[in-house]
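Reviewing the structure listed below.
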Number of protein chains: 4
Amino acid sequence: MARAIRLRQVEPAAPVRRATTRGAGKPAASKPRDAAQTKLRILECATTEFADHGYAGARIESIVGAAGVNISLLYQYFESKEKLFIAVMEGAYGLVRASHHELDVRDQAPAQAMEALIRRTFRIFVEHPRIIGLLNSENVHRGRHILKSPYIRGLYTPLLEAIGGVLQRGVATGVFRRDVDPLDFFVSMNGIGYFYLSNRYTLGVILNREMMTAEALSHHEDHIVQVLLGYLRPAARK
Amino acid sequence: MARAIRLRQVEPAAPVRRATTRGAGKPAASKPRDAAQTKLRILECATTEFADHGYAGARIESIVGAAGVNISLLYQYFESKEKLFIAVMEGAYGLVRASHHELDVRDQAPAQAMEALIRRTFRIFVEHPRIIGLLNSENVHRGRHILKSPYIRGLYTPLLEAIGGVLQRGVATGVFRRDVDPLDFFVSMNGIGYFYLSNRYTLGVILNREMMTAEALSHHEDHIVQVLLGYLRPAARK
Amino acid sequence: MARAIRLRQVEPAAPVRRATTRGAGKPAASKPRDAAQTKLRILECATTEFADHGYAGARIESIVGAAGVNISLLYQYFESKEKLFIAVMEGAYGLVRASHHELDVRDQAPAQAMEALIRRTFRIFVEHPRIIGLLNSENVHRGRHILKSPYIRGLYTPLLEAIGGVLQRGVATGVFRRDVDPLDFFVSMNGIGYFYLSNRYTLGVILNREMMTAEALSHHEDHIVQVLLGYLRPAARK
Amino acid sequence: MARAIRLRQVEPAAPVRRATTRGAGKPAASKPRDAAQTKLRILECATTEFADHGYAGARIESIVGAAGVNISLLYQYFESKEKLFIAVMEGAYGLVRASHHELDVRDQAPAQAMEALIRRTFRIFVEHPRIIGLLNSENVHRGRHILKSPYIRGLYTPLLEAIGGVLQRGVATGVFRRDVDPLDFFVSMNGIGYFYLSNRYTLGVILNREMMTAEALSHHEDHIVQVLLGYLRPAARK
DNA sequence: CATGAATGAGGCTTCATTCAT
DNA sequence: TATGAATGAAGCCTCATTCAT
């Protein structure tokens, strides 16, 4: 049994020893001495590794193996495992931020707008599943990195503001109930989907269900919408 | 920087020289020598350690340090880190089961019954916060232990059945909407609270909120009830 | 892979919790509080363990497991692993000595006498296969125990004397060559059989042969006789 | 007394700061940094360690101590104790093969040829005494490694064929007896010398003889030749 | 006489990291 | 920029042995 418990599937990514047709003019697309690209590849592989195994479970060797680079290079670029992790986290949060930014719901009716926000929120997680693992890891470490990175703190502001705005408009037009706190709502909106994905393995077993088929995901997305819009309905008039 | 990133606070648990009737003449029964109790203490400390640091991040040394026992003893009782982890998981799931068992909602009106189930579900997490960390860990490892433990697999059946029953009664009496799938509902019911707790550190930063005060917890509990009962309300008649 | 490499087949020998029909008169043949017998059983199992795995590879736990006794008892009787090993060695050597003692070839013709000695020597090893392993172990440790045990030193004296006597008689009657040193002969006589048995596994593979069937053993015994008696033949007269 | 029983004489092998051209100005090339050589040094020290103490008794720490390298390096090169042992075994068998290879007896008269084979066989053991310990260890483990290594299995084929050929020629020319099985002969040929060396400590005590002086070894070598050639003499004609 | 609980020292192995080129 | 060699600290686990009853 050893220390294993890890489900490795490394596939060394073909060490890509650059086809040194040096001086041939072409910039050797595959893996030239292109620091930026190499660094990116490391970051990419590190993201997967940290997401899959958590901080403590992640292995530097696995990362460089997958990235097909020498281990010293990783240290040259990122200094330490922890700093690499922080870089990964910032990249991941950046993704979330970007996704939220491109969403403008100010022109839609409150219910549609809210539905769009809900679906988008879930879809971000589905499309970037590694974010789940990273957030878990971050919480295992009690948010110590998020605390260090000031720019991360404003991450969800746009979404929170969007929620606040839509809620207000919905209350004003009478389609939403009045007693909803945007922050609470934000939590519920993320929670139902997050939990579904983050706990997909245990839930899959407990519920005896396929969790990650396109169909199942789509079904759950609809369910979240129904729960939240259902909740938002104003109390029925007598 | 070494390998750290862990926030250790070992506190050797005061080698448990049982607070015997000191001064009564008896030479202070220096070490427990009570296998069952010792085993339990190890399990207890292991639960905390695994919950706090995940499987990979947990340290056997920390566990035995906290339990105040020799490391070999741990291996005598649990054989390996992985088996210890499984024992911990079974204990944790056992807690959940026990909590649900002692709740009988068959005599209550559907809305009250559902509210009781919802609150209880959240309270279990609040009262046993280590379960969150353990579940996370289990999901990092893709549910491999839960899969091995048939006893765990059937664990949630009673709760699922309870939910199903209450939903049916609510639909029958017209107080609940008709289109609710118990499994979906189960996910939402757990998800909102789980997410709140599991991501308390990142949420605390992002929302700039105290998450774990009694007040905040109570507030969130109420919120979950409102969301879910709000959702369950039948559509208003035209 | 771990540390294994051991081929255990413990079979705990049924811990034999003595059927405490105490006071029933009968001395409870199985495993009463009979120190001598218990001690013997430990010694017996230790012999097997040391022979099979060598000193370093032997496990106290395996010994007590096989003997069905508590580990502390072993320490009470034998004090330490090393002293137990010495006890085992003395027992084994005692066996050899006893075997040699009961052999009296003074009345036989030299060739028959020598054949008897040769066959007996090989048979001792075949019948007490554990001696091989023990001797190997002893040699790994550079004979340090044999050196400590003065009584062991005279162990082979009877055999050596027997060989010397038979050789003399054979030379005198002209059936043996004249230039044979008894000590050299002693080595050859033991060596061919010992090597066959001690290296049975590697030889089995290299020669692609069954080594330990009754037939193979008997064949090899005959071979030893032929080699040695062939060697002893005096040079042919011209 | 602890676990000892080992007669350690580690002698840190003087971290191998290669006796570079000191005083020539160059700063003394502090560490080898020659992978092949380092690996070889580890293998060399491992061979000694395994030969001296057997597999179970060998200590990784001792090996790296003697080799003057960091323990991790050993694992980088050999993965595990067992694989290191296999590498050692293959190296040892390789030695044997090489020694036999360089001997060509096809042009010699049968008796001389056989004598050459016999002497060479003994000399291999004498010159590479560690092979004895390794073979012992291998037999303690029931040949499990030899079984895994197909390359080892075919190792003795050349020698066996050489023996077969010489025997045939000797029979044809009437200088050897007819009833000799090459495999049996192979065993005897190895056995007498192997036993002498493998059991040198116990034999030394029992026979009260110096075993390892050049003189004693040479004497025993002659003895083996005499035994085997004596045995091979054809039966005297009536 | 016998036992189960407990321990310290050490064994194998892993892992993040640095060195030298 | 990139690499392979090398390292120290620690991690999991085992094993002979002792303690307390």
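All values reported here derive from a predicted model rather than from experimental measurement. Sequence lines set the chain letters: A, B, ... in the order given, protein chains first and strands last, and positions in each chain run from 1.
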ask   = How long is the gap from CD on D:E61 to CG on D:L74, to the nearest 0.5 Å?
value = 10.5 Å
note = Of the listed F:dA5, E:dT14, E:dA5, the closest approach to the D:I71 side chain comes from E:dT14
key: D:K81 side chain, from C-beta outward: closest of F:dT17, F:dC12, E:dC12   = E:dC12
request  = Name the nucleic acid region contacted by C:F78, choosing base, sugar-phosphate or nothing; use a 4.0 angstrom heavy-atom cut-off, strictly under.
outcome  = nothing
inquiry  = Both C:S72 and A:E79 contact DNA chain E. Taking the nearest nucleotide for each, which residue is further toward the 5' end?
reply    = C:S72
ask   = Between F:dA10 atom C1' and B:H53 atom NE2, what is the distance in whole Å?
value = 16 Å
message = Output the rounded distance in Å from CD1 (B:I63) to P (F:dC13).
response = 11 Å
task = Considering just the side-chain nitrogens and oxygens of C:Q76, establish if one lies under 4.0 Å of OP1 or OP2 belonging to E:dA2.
result = no
query = When the nearest nucleotide of DNA chain F is assigned to D:Y77 and to A:Y77 on a heavy-atom basis, which residue is associated with the more 5' position?
reply = A:Y77
message = side chain to side chain contact (heavy atoms under 4.5 Å, CB included), that's the test. Do C:L43 and C:F78 meet it? Break it down for me.
response = CA-CA 9 Å; C:L43 203 59; C:F78 295 98; 3.8 Å; yes
request  = Mind calculating the distance between CD (B:E61) and C1' (F:dC13) to the nearest angstrom?
outcome  = 11 Å
task = Please report, rounded to the nearest Å, how far the C1' atom of E:dC15 is from the CG atom of A:L84.
result = 15 Å
inquiry  = Below 30° counts as parallel, above 60° as perpendicular, anything between as tilted: where do the rings of D:F50 and D:Y55 land?
reply    = parallel
request  = Starting from the 5' end of DNA chain E, give me the residue, A:I60 or B:L73, whose nearest nucleotide shows up first.
outcome  = B:L73
request  = Measure the distance from NZ on A:K83 to P on E:dA16 and round it to the nearest whole Å.
outcome  = 17 Å
task = For E:dA2, take OP1 and OP2 only and decide whether either is under 4.0 Å from a side-chain N or O of C:N70.
result = no
Bracket notation of DNA chain E in which parentheses pair within the strand, [ ] cross earlier pairs, and | pairs with another strand (Watson-Crick or G-U, under 3.5 Å) = .||||||||||||||||||||
remark   = Those residues at least two apart in sequence (or on a different chain) that pass side chain to side chain contact (heavy atoms under 4.5 Å, CB included) with D:Y75 are D:I60, D:I71
key: Length of the line joining D:L74:CG and E:dG11:C1', which is rounded to integer Å   = 13 Å
request  = Would you tell me if any nitrogen or oxygen in the side chain of D:T38 comes within less than 4.0 Å of OP1 or OP2 on F:dA6?
outcome  = yes
Intermediate values then yes/no, side chain to side chain contact (heavy atoms under 4.5 Å, CB included), A:V69 and A:I63 = CA-CA 9 Å; A:V69 304; A:I63 295 169; over 6 Å; no
message = With a 4.0 Å cutoff (strictly under), does any side-chain N or O of B:Y75 reach OP1 or OP2 of F:dC15?
response = no
query = Hey, mind stepping through B:V64 and B:I42 against side chain to side chain contact (heavy atoms under 4.5 Å, CB included) and telling me if it holds?
reply = CA-CA 7 Å; B:V64 299; B:I42 294 172; 5.9 Å; no
inquiry  = When you measure from the side-chain N and O atoms of A:R59 to the phosphate of E:dT14, is any distance below 4.0 Å, counting only OP1 and OP2?
reply    = no
key: For atom CZ of D:F50 and atom P of E:dG11, their distance in whole Å   = 14 Å
ask   = Given atom CG of D:L40 and atom P of F:dA5, what is their separation to the nearest angstrom?
value = 14 Å
request  = Let me see the working for A:Q76 and A:L73 under side chain to side chain contact (heavy atoms under 4.5 Å, CB included), right down to the final yes or no.
outcome  = CA-CA 5 Å; A:Q76 222 170 275; A:L73 213 53; 4.2 Å; yes
key: Which residues share a side chain to side chain contact (heavy atoms under 4.5 Å, CB included) with D:E44, sequence neighbours left out   = D:R130
